[in-house]
> 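Can you read through this structure? Questions will come right after.
These figures come from a predicted structure and were not determined experimentally.
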Amino acid sequence: MRGGRSDGRPSFISSTTRVNARVRIRVVLLSWLRRFALPCFVLGVMGCESGETPLEPPDAVEGALAATVERYDFAFDLTTGEASSRLWLDVEAGARGCVSLPARAVVTDARWDGAPAEGFRVADGRLEVCGVAPVEGPLWLDSRLRVPEATVPYTQVGFSRRLDAQGRPFTYLLGWLESCDLFGPCDTAPGRLAHFTFDITHSPDEVVLCPGSLSRRDETHTRCELLGTRAPTYSAFMVASHPAWERTRLVDTDVGRVELYEPPGGLLGPAIDAGTVAEFLAWMTARFGPLPYGPELRVASGRTDWLGMEHPANIVLRDDLPWMGGPYANVTMHTLMHEIVHQWAGDRTTLASAADYPWKEAVAEYLTYVFEDEHRNEEAAVTLAYWDRLARTASYHLRPSDSPAPPFLSFVNDIYGTGPMILLVQLESLLGREQVLAGLQAFLAEPGVRSIEDLRHALEGASGRDLRRYFDTWVDGEGEPDWPYLQVEWSQDELLTLTVTQRTASGKVYPCAVELELQGAAPEERRRVTVSYGLEPESATAGLTVEGLPWKVQQVAVDPRNRLVNRRSLGLAREPAPQRWRL
């Protein structure tokens, strides 16, 4: 997912908070701001009160059954919002007890293996259904609900219809981190991978997209099947439609096909360089294997809050992306490539927890940047400058130990600068780009669940270096980060002697390599050198001697290419803005 507002600052959403239904109306917003969690839907606001009295489990049914959801069959009517779901659960054969899953209070008609449940209730944001598990085969858990047209505050998560510039509705059913229970009983843990099918009922004039392979059974029914590579619930629960979408083939190569769904006269088509998309797909698949969800990738335009969002075999892009300036040299292409990376990094290989959100976005940003650096001329420099601008004012560490935990919305706003810079770009200077890419190949080699700690192990395995000190100082911490201010002193006779000192409030010394640009009186008098503290620095001071410099150094610029998170705003010394800083 790549978030953004018109001012170029990222805009993101949080994961679902489980709070007692009796106090949701009073505390939902406060709880959301305090915890790593998406706000729950407030029952009174959503009109979700059920008229039925929940059934208590009979006394004869005791004990909780351990259950894993292997598959979700989701049917949804885009016109009425009526939904039904069938969950295929792996449980102990013949066991008697209750299955408990996150669910909204609107869930009705819960059925156990096709028959009325011995008992069920919805309380405190969970559905509890009781019975006897079948002796053979999976347990089927069925239920119904009506999904209201409403979204979680400050996000587009939920069910919405938004009018485009021509007054036509873009319809979007959108789940995200720990929010799939908006649409029925669901295991909301970010690391749960499952299979999915979608049966969507819609009006005859609607063009509908959903994850997996796509087929239109008739004028009013569309089906999608995601039965090969598993996907996480946070991105797989998605249905999007528009009455005027027209399909255009952008790419048709051996590594994949890319289809654009956009109304006539849309902005995305003219702004997307199909040749670059094909080249990027070839670049990605050569390193990380085939597209995870089949050879067809669908890209759709929509009236969305953020720049783009990844779904298995689908990408939704903001319909006015080409009109947006600021963050990147080419916002449309950067966002599209970023979301393509998420097919591997985020969808096929997903988060161990909501706190691992930084690695997913860092990997998508970094791989897009590397391709820009190798194939898109000056675009990479603008990307680095944008990240550096965000990172210098970050309020939280990538793995914060604050108690209470920082507001998730604020936290994810920070990581789009610090994430790619700290987790990957800075390590290029210490390990080498090839080692970093090799680490990512190992990290994303198999479907599954990964954490930030898993990323560290993958990078250590690829480089043969111990990164614990690096992660301890750059990644972990409490409170506002104390990024180093780098002060440079020099003397020049026959040799130029450079001394770099890290200035921090805490006295912490950061492993890093510092690039310096030596500047003389004439424009052509420029040379770049690097002072490295290494991965185990013993002192806040590092030095370098430069031989054979035929001109007098007038000024030294620190980090001229924006490859290191450091503060420039302490007022200890004046540095010129990098020439490529064009934001």
Side-chain angles (χ1 to χ4, degrees), residues 280 282-289 337 341 344-345 349 358-381 383-385 387-388 391 398 417-445 450 452-475 484 486 498 500 502 509-517 527-538 542-544 546 558-566 578 580:
F280 185 66
W283 188 85
M284 282 294 299
T285 55
R287 287 160 177 78
F288 303 103
M337 292 188 291
V341 174
W344 291 266
T349 303
W359 81 248
K360 177 176 81 80
E361 299 303 325
V363 170
E365 280 289 89
Y366 174 75
L367 291 175
T368 301
Y369 152 75
V370 172
F371 182 82
E372 289 175 342
D373 192 40
E374 295 177 357
H375 301 273
R376 301 282 289 176
N377 299 321
E378 297 297 313
E379 291 183 7
T383 296
L384 287 176
W387 293 346
D388 193 37
L398 289 174
T418 52
M421 291 284 284
I422 289 174
L423 292 178
L424 298 162
V425 171
Q426 291 183 174
L427 286 171
E428 279 192 352
S429 301
L430 293 166
L431 307 178
R433 176 174 289 182
E434 289 306 312
Q435 285 70 31
V436 172
L437 289 174
L440 290 181
Q441 286 179 298
F443 182 68
L444 299 174
R450 302 288 185 274
I452 292 177
E453 193 69 2
D454 293 327
L455 177 60
R456 176 175 74 85
H457 291 313
L459 292 168
E460 287 178 336
S463 65
R465 308 291 297 278
D466 187 341
L467 299 179
R468 281 175 293 184
R469 169 79 178 274
Y470 180 90
F471 274 67
D472 286 345
T473 52
W474 282 108
V475 177
L486 298 161
L498 295 161
V500 180
Q502 295 187 27
V509 180
Y510 289 82
C512 62
V514 186
E515 188 176 69
L516 306 174
E517 183 174 81
R527 180 182 295 186
R528 287 179 185 162
V529 297
T530 299
V531 177
S532 179
Y533 283 84
L535 290 170
E536 299 285 346
E538 297 180 355
L544 179 71
V546 181
V558 177
D559 188 31
R561 295 189 296 165
N562 305 292
R563 295 180 56 85
L564 178 65
V565 177
N566 65 96
R580 291 177 177 174

> Measure across Met337 and Thr368 and return the closest heavy-atom pair with its distance rounded to 0.1 Å.
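That closest heavy-atom pairing would be C-OG1, 3.6 Å.
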
> Check Val436, Leu431, Leu437 against Arg433 for a side chain to side chain contact (heavy atoms under 4.5 Å, CB included) and give me the one that passes.
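Only one option passes, and that is Leu437.
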
> Do the charged groups of Glu515 and Arg563 touch, with an N to O distance under 4.0 Å?
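The answer is no: the pair does not qualify as a salt bridge.
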
> Supply the atom-to-atom distance Leu440 CG to Leu423 CG, rounded to the nearest 0.5 angstrom.
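Between Leu440 CG and Leu423 CG, I get 10.0 Å after rounding to 0.5 Å.
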
> Can you run down the ring pair (Phe, Tyr, Trp, His ring centres under 6.0 Å) pairs that involve residues 417-436, sequence neighbours left out, and say none if there aren't any?
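Sorted pair list comes back empty.
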
> According to side-chain hydrogen bond (donor to acceptor under 3.5 Å, both in side chains), who are the partners of Arg527, at least two apart in sequence or on a separate chain?
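By the side-chain hydrogen bond (donor to acceptor under 3.5 Å, both in side chains) rule, Arg527 matches no residue at all.
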
> Side chains of Cys512 and Gln502: closer than 4.5 Å at any heavy-atom pair?
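The answer is yes, as the side chains (C-beta and beyond) meet within the 4.5 Å cut-off.
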
> Which label fits Tyr510 and Trp474: parallel for a plane angle under 30°, tilted from 30 to 60°, or perpendicular past 60°?
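Ring orientation of Tyr510 relative to Trp474: tilted.
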
> For Ala462 versus Gln435, what's the shortest heavy-atom pair and its separation?
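Where Ala462 meets Gln435 most closely, the heavy atoms are CB-O, 3.4 Å.
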
> To the nearest 0.5 Å, what is the distance between OH (Tyr369) and CH2 (Trp387)?
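Result: 7.0 Å between the selected atoms.
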
> Pick from Arg469, Arg468, Arg465: which one makes a salt bridge (charged side-chain N to carboxylate O under 4.0 Å, His left out) with Glu536?
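Per the salt bridge (charged side-chain N to carboxylate O under 4.0 Å, His left out) rule, the option paired with Glu536 is Arg469, out of Arg469, Arg468, Arg465.
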
> What closest approach, in Å, do Val425 and Tyr366 show between heavy atoms, and which atom pair accounts for it?
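Shortest heavy-atom contact: CG2-CD1, 3.9 Å.
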
> Find the distance between CH2 (Trp359) and CG (Leu444) and round it off to the nearest 0.5 Å.
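Answer for the CH2-CG pair, Trp359 versus Leu444, is 6.0 Å.
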
> Classify the ring geometry of Trp283 against His375: parallel below 30°, tilted from 30° to 60°, perpendicular beyond 60°.
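Geometry flag for His375 against Trp283: perpendicular rings.
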
> For Gly439 versus Leu459, what's the shortest heavy-atom pair and its separation?
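So the minimum-distance heavy-atom pair works out to CA-CD2, 4.2 Å.
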
> With side chain to side chain contact (heavy atoms under 4.5 Å, CB included) as the test, pick out the partner of Val558 among Leu564, Leu516, Val531.
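Only one of Leu564, Leu516, Val531 forms a side chain to side chain contact (heavy atoms under 4.5 Å, CB included) with Val558, namely Leu516.
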
> List the atom of Gly417, the atom of Ala391, and the distance in Å for their closest heavy-atom pair.
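What the structure gives for the nearest pair is C-CB, 3.9 Å.
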
> Would you mind reporting whether Leu367 and Trp344 have side-chain heavy atoms less than 4.5 Å apart?
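They are not in contact (no side-chain heavy atoms under 4.5 Å apart), so the answer is no.
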
> What are the two closest non-hydrogen atoms of Met421 and Leu384, and how far apart are they?
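Minimum heavy-atom separation between Met421 and Leu384: SD-CD2, 4.3 Å.
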
> Roughly how far apart are His457 NE2 and Ile452 CD1, rounded to 0.5 Å?
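The CD1 atom of Ile452 is 12.5 Å from NE2 of His457, to the nearest 0.5 Å.
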
> Do Tyr470 and Ile422 come within less than 4.5 Å of each other through their side chains, counting heavy atoms only?
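Yes; the side chains approach each other to less than 4.5 Å.
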
> CG/Asp466 to CG/Leu535 distance, rounded to the nearest 0.5 angstrom?
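Going from the CG atom of Asp466 to the CG atom of Leu535 covers 8.0 Å.
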
> Report yes if the side chains of Val514 and Asn566 come closer than 4.5 Å at any heavy-atom pair, otherwise no.
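Result no, sub-4.5 Å side-chain heavy-atom pair not found.
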
> Mind checking the CG-CZ spacing from Asp388 to Arg561? Nearest 0.5 Å is all I need.
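Between Asp388 CG and Arg561 CZ, I get 12.5 Å after rounding to 0.5 Å.
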
> Got a sec: does the CD of Glu374 have more than 12 other heavy atoms crowding it under 6.0 Å?
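Enclosed.
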
